[in-house]
2 protein chains.
Amino acid sequence: MDRDIKGNTRLENCPLTYSRNMIGGKWRLPILWAIRQNETLRYNELKRTVEGITNMMLSQSLKELESNGLIVRKQYLEMPPRVEYSLTVEGEELVDHLRALARWGKRMQGLQGHGGVE
Amino acid sequence: MDRDIKGNTRLENCPLTYSRNMIGGKWRLPILWAIRQNETLRYNELKRTVEGITNMMLSQSLKELESNGLIVRKQYLEMPPRVEYSLTVEGEELVDHLRALARWGKRMQGLQGHGGVE
DNA sequence: CAGTATCCAAGTAGATACTG
DNA sequence: CAGTATCTACTTGGATACTG
């Protein structure tokens with residue numbers, strides 16, 4: 001987290017805020033996860049795999065992930081059309097960090113007694 | 001991320017979703033960060049340190065963080081009142097994971113060329 | 001198959017004022 | 001000092017229908 005001259009916590013231009021924005025929103029993480037499990041997935045495969053997502057949210061999220069350099073979109077000029085999505089190296093790194101976070105979450109879920117989950 | 005029998009990605013009861021909820025919202029992370037830098041902080045110190053936060057959001061976020069077992073609230077029965085917040089062991093672990101994520105974000109910010117940030 | 005467009009509902013956060 | 005309460009504004013996501 002960034003801090004200004006007075007040592008205060010700022011949100012702007014902070015690498016952590018940046019990382020967090022990368023996985024912000026409801027669907028980006030599930031999408032990354034799904035691609036990771038399958039190496040590469042087509043649009044409709046993603047739609048089936050990520051439960052409950054709409055076309056709207058899927059295509060929007062994919063665009064964001066792509067423009068953020070976490071996934072690549074490969075379009076084959078065939079008929080019927082075919083588009084495949086896979087992770088970039090950076091995307092894989094991110095997922096690895098998140099895996100660590102998930103392990104921590106799993107241990108936390110085990111403890112709970114500390115006050116429960118909201 | 002959890003997957004169901006068909007191997008699909010589910011959001012419920014997923015440790016990663018859990019971890020993510022812990023740092024959800026705009027202010028929890030800045031608050032954790034601020035406490036981490038100072039070992040322990042009083043309410044009004046937090047208010048000054050976390051730029052732009054309102055009483056409303058601060059007290060609400062503090063409650064959530066406490067009930068999630070990430071921070072402890074210690075109240076001294078003095079006049080004027082005094083309340084100090086500090087991280088639990090679990091809270092410190094979380095911040096460490098996030099530090100790793102921040103380092104990754106910093107490298108990503110350096111690359112950028114991949115398509116820029118939204 | 002792989003998306004867009006539009007419009008609406010819900011969830012989150014901010015402003016402001018007040019209290020033990 | 002350390003918070004609550006209320007009411008409003010904004011941001012996100014969902015439903016539905018349509019297209020190259």
Side-chain angles (χ1 to χ4, degrees), chain A residues 9-12 14 17 20-35 38 40-68 71-86 117-118, chain B residues 9-12 14 17 20-35 38 40-68 71-86 117-118:
Chain A
T9 306
R10 314 294 316 292
L11 288 162
E12 304 82 35
C14 166
T17 298
R20 223 176 152 217
N21 289 341
M22 291 288 215
I23 55 170
K26 186 171 177 181
W27 298 109
R28 294 191 201 175
L29 217 44
I31 291 171
L32 288 176
W33 216 259
I35 298 179
N38 296 274
T40 159
L41 281 178
R42 299 176 60 168
Y43 184 90
N44 273 341
E45 290 173 329
L46 270 166
K47 180 128 191 264
R48 279 190 300 273
T49 307
V50 180
E51 307 231 307
I53 199 168
T54 60
N55 277 328
M56 182 66 195
M57 293 315 291
L58 179 54
S59 72
Q60 184 181 309
S61 304
L62 285 170
K63 262 186 209 147
E64 292 157 352
L65 289 168
E66 192 194 6
S67 99
N68 286 343
I71 64 175
V72 280
R73 187 192 120 111
K74 191 167 177 186
Q75 177 168 7
Y76 298 85
L77 295 173
E78 304 173 353
M79 215 39 187
R82 178 171 150 217
V83 180
E84 290 184 348
Y85 294 92
S86 51
V117 193
E118 84 209 76
Chain B
T9 306
R10 313 294 315 294
L11 287 163
E12 304 81 34
C14 165
T17 298
R20 227 186 159 203
N21 288 341
M22 291 288 215
I23 54 170
K26 186 171 177 181
W27 298 108
R28 295 191 200 175
L29 217 43
I31 291 171
L32 288 176
W33 215 260
I35 298 179
N38 296 273
T40 159
L41 281 178
R42 300 176 61 167
Y43 184 90
N44 274 340
E45 290 174 329
L46 270 166
K47 180 128 189 266
R48 280 190 299 273
T49 307
V50 180
E51 307 232 309
I53 198 168
T54 61
N55 278 328
M56 182 66 196
M57 295 313 293
L58 179 54
S59 73
Q60 184 181 308
S61 304
L62 285 170
K63 264 186 208 148
E64 292 157 352
L65 289 169
E66 191 194 6
S67 99
N68 286 342
I71 65 175
V72 280
R73 187 190 120 109
K74 191 168 178 186
Q75 176 166 7
Y76 298 85
L77 294 173
E78 305 173 349
M79 213 42 184
R82 177 170 150 218
V83 179
E84 290 183 348
Y85 294 92
S86 50
V117 194
E118 85 209 72

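Source: prediction; values computed, not measured. In the text below, chain A, chain B and the rest are named by the order of the sequence lines, each starting its count at 1.
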key: For atom NZ of B:K26 and atom C1' of D:dA9, their distance in whole Å   = 13 Å
message = Counting only Watson-Crick pairs (N1-N3 plus N6-O4 or O6-N4) and G-U wobbles (N1-O2, O6-N3), all under 3.5 Å, who is the partner of D:dG20?
response = C:dC1
ask   = Can you tell me if A:R20 uses its side chain to pair, donor with acceptor, with the backbone of B:I23 under 3.5 Å?
value = yes
ask   = By side-chain hydrogen bond (donor to acceptor under 3.5 Å, both in side chains), which residues pair with B:R73, not counting sequence neighbours?
value = B:Q75
Atom pair distance, as rounded to whole Å: CE in A:M57 and C1' in D:dT11 = 12 Å
query = Of A:G24 and B:Y43, whose nearest nucleotide on DNA chain D comes first from the 5' end?
reply = B:Y43
key: Sub-4.0 Å heavy-atom contacts from residues 49-56 of chain B onto DNA chain D, ordered by number   = B:N55, B:M56
inquiry  = Measuring from atom CD of B:E84 to atom CG of B:N38, what distance do you get when rounded to the nearest 0.5 angstrom?
reply    = 11.5 Å
inquiry  = Between B:I53 and B:I31, does the side-chain contact (heavy atoms from CB on, under 4.5 Å) criterion hold? Intermediate values first, please.
reply    = CA-CA 10 Å; B:I53 198 168; B:I31 291 171; 4.1 Å; yes
From CA spacing to verdict: side-chain contact (heavy atoms from CB on, under 4.5 Å), A:W33, A:V50 = CA-CA 9 Å; A:W33 216 259; A:V50 180; over 6 Å; no
message = For the OG1 atom of B:T54 and the NZ atom of B:K47, what is their distance to the nearest 0.5 Å?
response = 7.5 Å
ask   = For A:W27 and D:dT11, what is the distance between atoms CH2 and P respectively, to the nearest whole Å?
value = 22 Å
Test side-chain contact (heavy atoms from CB on, under 4.5 Å) applied to B:I71 and B:E66, B:E64, B:R28, B:K63, the passing residue = B:E66
query = When you list every nucleotide of DNA chain C with an atom under 4.0 Å from a heavy atom of chain A, which one comes first 5' to 3', and which comes last?
reply = C:dC1 to C:dT6
key: Length of the NZ-C1' vector between A:K47 and D:dA15, whole Å   = 12 Å
query = How would you label the contact of A:Y85 with the nucleic acid (heavy atoms, under 4.0 Å): base, sugar-phosphate, or nothing?
reply = sugar-phosphate
query = Nearest heavy-atom pair of A:S86 and A:I35: which atoms, and what distance?
reply = CA-CG2, 3.6 Å
